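Accompanying notes for the structure given below.
As the structure is a prediction and not an experimental result, all values here were calculated from the model. Reminder, nothing fancy here: chain letters follow the sequence lines and each chain counts from 1. Side-chain atoms are counted along with the backbone in the values below, which use heavy atoms only and exclude waters and symmetry mates.
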Amino acid sequence: MEQKYSPKDVELKWQSVWESEKTFKAAADKDKQKYYLLEMFPYPSGRIHMGHVRNYSIGDVIGRFKRMRGFNVMHPMGWDAFGMPAENAAIQNKSHPATWTYENIAYMRNQIKKMGFSYDWDRELATCDLDYYRWEQKLFLEMFAKGLAYKKTSFVNWCPKCETVLANEQVEDGCCWRCDTEVKQKELDQWFFRITDYAEELLENTYKLPGWPERVLVMQRNWIGKSFGCEINFPLENSTDSIRVFTTRQDTVFGATFMSLAPEHPRALDLATPDQRDSVIAFIDKIRKTDRIKRTADDFEKEGVFTGSYCINPVSGVRMPIFLANFVLMDYGTGAVMAVPTHDQRDFEFARKYDLPLKVVIQPEGKTLDPLSMLEAYTEAGIMANSGQFDGMQSGDAKEAIANFLHSQGHGAKTVNYRLRDWGISRQRYWGNPIPVIYCDSCGVVPVPEKDLPVVLPKDVEFSGEGGSPLAQMDSFVNCTCPVCGKAARRETDTMDTFVQSSWYFLRYCCPDFKDGILDRESVDYWMSVDQYIGGIEHAVLHLLYARFFTKVMRDLGHISADEPFVNLLTQGMVIKDGAKMSKSKGNVIDPDALISKYGADTARLFSLFAAPPEKDLDWNDQGVEGSFRFLGRIWKLVHDRLDLIKNAGPVDAGSLSAEERTLRRAVHKTIRKVTEDLDERFHFNTAIASVMELLNILQPAELSTPQFPAVMKEALQSVILLMAPFVPHITEELWQRLGNKSPLTLTSWPDYDRSAVVDEELLVVVQVNGKLRSKITVAAGTGEDELKALALADEKVAQFIEGLTVRKVISVQGKLVNIVVG
RNA sequence: GGCGGAGUGGUGAAAUGGUAGACACAGCAGACUCAAAAUCUGCCGAGGGCAACCUCAUGCCGGUUCGAGUCCGGCCUCCGCUACCA
């Protein structure tokens, strides 16, 4: 029998067994408690990196542990396969995105399989598979029918060189992430998903997700950005019309002395008086040419233009000049802001620049502000002033009172505003899911009829890298007939944002082969929700918010029952080396393939689990990897060294153990308890592994000539193997077999600890004097409190610290500590 | 500016309010070896002492407590996200 630990042979052997036996195939089983475990699926970029290794290693520990605990575990893997890199690679290599993508998938699948993860590969899917994206098109049409997908004109990030829309996250420092060209704002007709319809539920449910990290929930709440305030109408001078503003500071309404509109505001132009018209047009033009990133930068100079028109402050009667201002955003609130220069810093700066009037309406407690000498706006709470019947009130109370007053006078009403915007999903890209819509000159926007789905991405397409979307240049794709009137029509050439695919893949995993619809409700309702989701914190808002949104949409469309997709979320830290995130440009990348061929998958897994707790960043350390490899070597050697000893050993007879045997066995069962708690309740894999290391440090030198020593040692080694199985599945499976076990480790139950075996016979009790450690005494278990205190007071080391002093109090913690308070 | 997270040895890190630094990495010393590698053993926060031991020490300053790395208040530093949000 092979005595030397050779990871390669062991790992290939068991991987092929798991594959051929379909060990990890999951099927719905109403008699077992289901456990849906999911890691964020990878983008098939070409090769896996250490971040993947870490992510999937964490998941695999949980999956294998839950399986041993008797859960019906479903653990799928797939590919987030549409996206720009494939198209860029196609342009560079003169190949096809599909070729590039599927080759990458094949390579990465092989890499992942070499890690020995417990995936049900029968559920594998790639989002660029026709059998995936066709159902997404159907879903789009259902959303379109409900008004949840709609088209509108809006300003978007536009790269003039790539000729495509960029998502906000694809804009880096105001430039295109691909070609570094400065990004412009462009007004385009775009498809949107009405996520704002779900803003309130998405927000409310963040308070019903105790299994999520608080910081992710907070980030989502901030992103949704609910704020309470008022909408107030400011009548235009000499008109029956008015300008509506949103404010959270209605308590300052008496101090509003002018009005600021966003340059994109629909009324901007027609409010311009003839003599101001030229400068207004010039200003709007200038803003349009400034990209949004620069315009919203912190230090951007506040600038504006007077329209020539006025409105009337409905409560103070003040005549307010209407300005356009570069810092007012059209997509927040109503795009119009009542300017209160005394109590808003932006308005203050603007007023100083354009010499506009200031009126103080809130005074700080015990002080009087003078508008002429103010150096900055006073934005805190205070006492109301110059505000009619509200003078003297606390400004906090005045918020409510003024809101009610405005309502009663017909000037406005309390309202709630959200920062969240609808989700723009149109991309002028080839390698994505075609939006299934047709444009007809007679009938307008016509959804592709269900019988004509799917709209297949054409294969024979040219990639020049210029002139925008390749689809738009393909007459054979664009030209079609209108399904309604039969006349010539044009097909939509935009594809969907890749975040659309990742918003529901976890649902499709429940029924990947379902042919009759988007989802098989019975399967989805059995498996959903995901019991544990694991991925990087970088998706805290976008993906995780979109997935929550889609889950609610799917529920409301009648496809599923779940309200929330992910019950528990674990966000793992980054993999760092030499103080920086691993990246090619920094040259600090560790290649998983090289690691596996040198040390094996088990070592790679063990190190990435041992070096840091999952949520923290992991500092990669080559010597630490060596250490993990050594530990596996020690387990391997210890088991082989003891094989002869334990070969014929039977079960432990707990009733007739010697004291030394009991001590050894106690260490084993305490370790079982500790590892179980660390895995089950806390996901503290590093401390779980450390406790097995401690046990090994005890077992290795243990040598007794007592009759039950072989039995105790056998139980100990079996336990070590069982406890390590979720972390390092290959070596443990091999050792399990070499110990003579007939059924595989993957089908073995997790060990229970023996409650009577973990009870200490003697306890080490710490003795403190005034809270300082002064002595340690060993007492028999079950020593009473009074006796314990007496023993502590009688201790000779303690004596010198209490001599001549009065003992005022003695505190004892059962079996742990005595603190003697003297003075 | 706003929100969130984190500060513990040379390093990664442990510690339900109860022995600070488990476990590991690095380092030092030793055993084995002709030698090296591998393996094994011991030491390993700082200062003092021949020693038993003592003092100090978890970013800083206070507080609560018999007892604080842990709880509370106020700072400092670093990291992340977000940002002219009216």
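The aromatic rings of His543(A) and His539(A) stand perpendicular to each other, their planes meeting at an angle above 60°, with 30° marking the opposite boundary. The aromatic rings of Phe323(A) and Tyr354(A) sit tilted, their planes meeting at an angle between 30° and 60°.
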For RNA chain B, produce a single dot-bracket line, 5' to 3'. Pairs: Watson-Crick or G-U wobble, both distances under 3.5 Å. Symbols: ( ) within strand, [ ] crossing, | other strand, . unpaired. (((((((..(((.....[....))).(((((.......))))).((((....))))..(((((..]....))))))))))))....

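Of the side-chain N and O atoms in Arg419(A), none sit less than 4.0 angstrom from OP1 or OP2 of U82(B). For C85(B), the OP1/OP2 oxygens have no side-chain nitrogen or oxygen of Arg421(A) closer than 4.0 Å. At A13(B), none of the side-chain N or O atoms of Asn621(A) fall inside 4.0 Å of OP1 or OP2 (strictly under the cut-off). Checking the phosphate oxygens (OP1, OP2) of A15(B), a side-chain nitrogen or oxygen of Arg682(A) falls inside 4.0 Å. At A15(B), one or more side-chain N or O atoms of His684(A) fall inside 4.0 Å of OP1 or OP2 (strictly under the cut-off).
Between G12(B), C40(B), A13(B), one nucleotide has an atom nearer to the side chain of Ala611(A) than all others, and that is G12(B). For Ala690(A), taking side-chain heavy atoms from C-beta onward, the closest of the listed nucleotides A13(B), C23(B), C85(B) is C23(B). Minimum atom distance to the side chain of Arg630(A) is reached by U39(B), of the listed A24(B), U39(B), G18(B). Residue Asn819(A) has its side chain nearest to G18(B) when only A22(B), G18(B), A26(B) are considered. Closest contact between the side chain of Leu764(A) and the listed nucleotides U19(B), U16(B), A24(B) involves U19(B). The side chain of Lys816(A) lies closest to U16(B), out of A13(B), U16(B), A26(B). Side-chain proximity of Asn697(A) to C23(B), A26(B), U19(B): nearest is C23(B). In the set A13(B), C81(B), C40(B), the nucleotide with an atom closest to the side chain of Met219(A) is C81(B). Taking every side-chain heavy atom of Phe610(A) into account, A24(B) is the closest of A24(B), U39(B), C66(B).
Side chain Gln768(A) to base G18(B): a donor-acceptor pair is found below 3.5 Å.
Legend: side-chain hydrogen bond (donor to acceptor under 3.5 Å, both in side chains) pairs involving residues 339-348 of chain A, not counting sequence neighbours, sorted by first then second residue: Asp344(A)-Arg346(A), Gln345(A)-Glu349(A). Among residue pairs with one or both ends in residues 602-614 of chain A, those qualifying as salt bridge (Lys or Arg N to Asp or Glu O under 4.0 Å) are Asp60(A)-Arg605(A); sequence neighbours excluded.
Among residues two or more places apart in sequence or in another chain, the ring pair (Phe, Tyr, Trp, His ring centres under 6.0 Å) test is passed with Phe607(A) by Trp620(A).
Comparing the C1' positions of G69(B) and G7(B) gives an interatomic distance of 11 Å, to the nearest angstrom. Only the C1' atoms considered, G21(B) is 11 Å distant from A57(B), to the nearest whole Å. Nucleotides G17(B) and U58(B) place their C1' atoms 15 Å apart, quoted to the nearest Å. Taking atom P in both A68(B) and C56(B), one finds a spacing of 13 Å when rounded to whole Å.
Judged by the 6.0 Å and 45° rule, Lys302(A) forms a cation-pi pair with Phe327(A).
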Side chains of residues 802-813 of chain A: which donor-acceptor partners sit under 3.5 Å, not counting sequence neighbours?
{"from": "Ser812(A)", "atom 1": "OG", "to": "Glu785(A)", "atom 2": "OE2", "distance (Å)": "3.2"}

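We find that Lys414(A) and Glu231(A) are not joined by a salt bridge, their nearest charged nitrogen and carboxylate oxygen being 4.0 Å or further apart.
Glycosidic conformation at G9(B) (O4'-C1'-N9-C4 for purines, O4'-C1'-N1-C2 for pyrimidines): syn, within 90° of 0.
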Scan nucleotides 52-58 of chain B nucleotide by nucleotide, 5' to 3', and note B when protein non-hydrogen atoms come under 4.0 Å of the base, S if they reach only the sugar-phosphate, - if neither. --SSS--

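Between the CZ atom of Phe607(A) and the P atom of C23(B) there is a distance of 18 Å, given to the nearest Å.
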